[in-house]
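Some notes on the structure that comes next.
Each chain gets a letter, A, B and so on, in the order its sequence line appears, and its residues count up from 1. This one's a predicted model, so the numbers in the text were calculated from it and none came from an experiment. Only heavy atoms go into these numbers, but all of them, side chains included; no hydrogens, no water, no symmetry mates.
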Protein chains: 2
Amino acid sequence: MSKAAFDTIKPRRRSDQVTLGQVAKAAGVSPMTVSRALNHPDKVSDRTRQSVLDSVERLGYVPNRVAGSLASSRSSLVAVIVPSLSNSVFVEVIKGLQETLEGEGYQLLLGNTDYDLDREYQLVRTFMGWSCSALVMAGLRHSEASHTLLTNASHPIMEIMELGPSLDLNVGLDHVAAGRCMARHLLERGYRRIVYVGARLGDDYRAFMRYQGHREVLECAGLEAPLVELETLGSLEAGALGLARVSREYPAAQAIHFANDDLGAGALLAANRQGLRVPEDIAIAGFNGLAFGQHITPRLTTIVSPRETMGRLAGQALIRRLAGQHVHRKRHDVGFTLQPGEST
Amino acid sequence: MSKAAFDTIKPRRRSDQVTLGQVAKAAGVSPMTVSRALNHPDKVSDRTRQSVLDSVERLGYVPNRVAGSLASSRSSLVAVIVPSLSNSVFVEVIKGLQETLEGEGYQLLLGNTDYDLDREYQLVRTFMGWSCSALVMAGLRHSEASHTLLTNASHPIMEIMELGPSLDLNVGLDHVAAGRCMARHLLERGYRRIVYVGARLGDDYRAFMRYQGHREVLECAGLEAPLVELETLGSLEAGALGLARVSREYPAAQAIHFANDDLGAGALLAANRQGLRVPEDIAIAGFNGLAFGQHITPRLTTIVSPRETMGRLAGQALIRRLAGQHVHRKRHDVGFTLQPGEST
DNA sequence: AACGCCAATGATAGCGCTACCATTACGTTC
DNA sequence: GAACGTAATGGTAGCGCTATCATTGGCGTT
């Protein structure tokens, strides 16, 4: 006779996963005690805890985090929303976050907006549905819909990369100041005809802010601040293209301030290949402080941002907040450093 | 009188999130109909669907995915486990996965093992608790504990990067063949005293397999295949260090086969700085086909692996599988291409 | 000896959603 | 016109866990 014949009530369970209840039975305790033994080990006696852990091991029990999250209405997920994975800057920040948060038992839920605020909204919405412990996002600009959702959120929100009026926590740096800093550096070196080259500045607001700072300084010095805008975001090819466009559109240019190191290094290497002397024929500067800029000849003048540190600090602040501790600096300026190379 | 005085039974809900039930009430239908309107739109009438969507909008309802996943015992999460986020190779694969899967409504859960099989196990265990739709992991080697867990998993498992006997689906390339390919190239160019430089080959099994292929070819040609092993995984600094160690330990070396492009490019740029002629004084080859290797002078000889494509193919295969369709190739060789530069 | 206190454990009642059937209304068929 | 199929909707019963309160028993206090 088939086993099913006995099952008058058909069980709903589709997987034959071991459940907490089965562990409880095996250990001779109540489910609640198993839950405590696993999540609040100090709340059960040593004997009980050991017996529960033995049963867990023996049965191969894997806690169902979905059920746990539903019951407690919070999850061990931390959502991270970045505008791009092609740009190593965001990857390094993710790495910093990952290192700090994984150690505390959180898992990263990753989303990519591709610099699209609508996609950002969709991601925020989706991630909210996961009862995340926290939400980390790059940038301070959001759509109105996102803003509504975010202000009603019950978890901490960490905005990173830039600095300014934030929803909750903020770790980043001042991009306008960074733009000013590099512009001043170029002026000090004696360059006067300086072109800023960026890409999709309407989307990449931080690059736009750096341009703002750059322009401000140049205009204060009575100089023009021409802008060349490319289609492609950071890439070495785009940098080479940027150099070509500047040569064509601004043949008298003495220096190029690139929005990032990918562009800058691309231009520098292209100049090398073309036999252009850097900085004599054209000076080149970037932004980010990517490693390879310091290995090429001449070394790329750049502004170093502490990216992995930024991720780590953001992670640490979140951990503190989630542990119920006070976060001292809701806005944390990680600063930046001008790193002069021989390219300017 | 306080409102609470009426609440004899205190509700358990901690957040004041709008629920599906409230949407149902607002739309004048049953919760079940709201669920269908959102998840199986073709199962409800146009009129009902519209009315439900209106209520969703009006109330600002955000579906609770945790509850949904528990009830349906599957989630829209796809777990991705990689050994490193410092290596752009994995980031590019993640990008490919992300592009394909995000469009189909999946979210990526990201884990980093740092080349540690125990951490891999912990991650697998944790991610299993999330009832993921699929699990993507780099590599075919797992601890016994992971293996047990993985073979009992009810979701598809995609192993990427390398090729071989896999648990379920597999998209990757043959690293032994790649090692052979580069070794043959170096022999064809006339080099005889060739050193392989890698890092943590005990952990980085793919780099080790490339060395195997390399050694096989050299030994067939009656040559030795000395190995220099570094502490740090791919980085430009480590590459420079590798060059230095080879100069010291194998001063007669004619060519260096580096385990990856970061090392190769680091060595190449260091050679440039030191005035060593590449390839006359020392030939240098890498692996991966990273962009910047093709922008430096001389261009780095390398083997290009289609990384983003690999991620995309893996994502597409998973999507097919999750849609219940047949996946034609459970093992998919994405191949590789030798890209000779002037560095060899 | 009676009392309170605390640590350890258990029983109960959901968390917000969906699988699974039951039901309804309305055409179609012979 | 009775039987039948089908599309749309609803009711019920959980999914596997944890918050909350209740209960127990051992201990120190007066």
Minimum-distance nucleotide to [X] side chain [options: [options]]:
X       : options                : result
B/Ala67 : C/dG16, D/dC17, C/dT18 : C/dG16
B/Asn39 : D/dC17, C/dT18, C/dA19 : C/dT18
B/Arg74 : C/dC17, C/dG14, C/dA19 : C/dA19

**Item:** Smallest separation among heavy atoms of A/Leu322 and A/Ser133, with atom names
**Value:** CD2-O, 3.3 Å
**Message:** Do the side chains of A/Glu102 and B/Arg119 get close enough for a salt bridge, i.e. N-O under 4.0 angstrom?
**Reply:** yes
For atom [atom1] of [X] and atom [atom2] of [N], their distance in whole Å:
X        : N      : atom1 : atom2 : result
A/Leu70  : C/dC17 : CG    : C1'   : 8 Å
B/Leu38  : D/dT9  : CG    : P     : 13 Å
A/Asn64  : C/dC15 : CG    : C1'   : 13 Å
A/Met128 : C/dC17 : CE    : P     : 15 Å
B/Leu20  : C/dC15 : CG    : P     : 14 Å
B/His40  : D/dA7  : NE2   : C1'   : 16 Å
B/Gln17  : C/dG16 : CD    : C1'   : 11 Å

If I take atom [atom1] from residue [X] and atom [atom2] from residue [Y], how far apart are they, to the nearest 0.5 angstrom?
X        : Y        : atom1 : atom2 : result
B/Gln98  : A/Leu85  : CD    : CG    : 5.5 Å
A/Met128 : A/His155 : CE    : NE2   : 4.0 Å
A/Tyr106 : A/Leu77  : OH    : CG    : 11.0 Å

**Message:** Which residues pass the salt bridge (Lys or Arg N to Asp or Glu O under 4.0 Å) test with A/Arg65, not counting sequence neighbours?
**Reply:** none
**Asked** Are B/Thr19 and C/dG16 close enough that a side-chain N or O sits under 4.0 Å from OP1 or OP2?
**Response** no
**Message:** For A/Ser45, give me all partners under side-chain contact (heavy atoms from CB on, under 4.5 Å), at least two apart in sequence or on another chain.
**Reply:** A/Arg47, A/Thr48
**Prompt:** So what does B/Arg47 hit on the nucleic acid, given a heavy-atom distance under 4.0 Å: a base, only sugar-phosphate, or nothing?
**Reply:** nothing
**Message:** How would you summarise protein contacts on nucleotides 4-11 of chain C per nucleotide, using B for base, S for sugar-phosphate only and - for none, with heavy-atom distances below 4.0 Å?
**Reply:** -----BBB
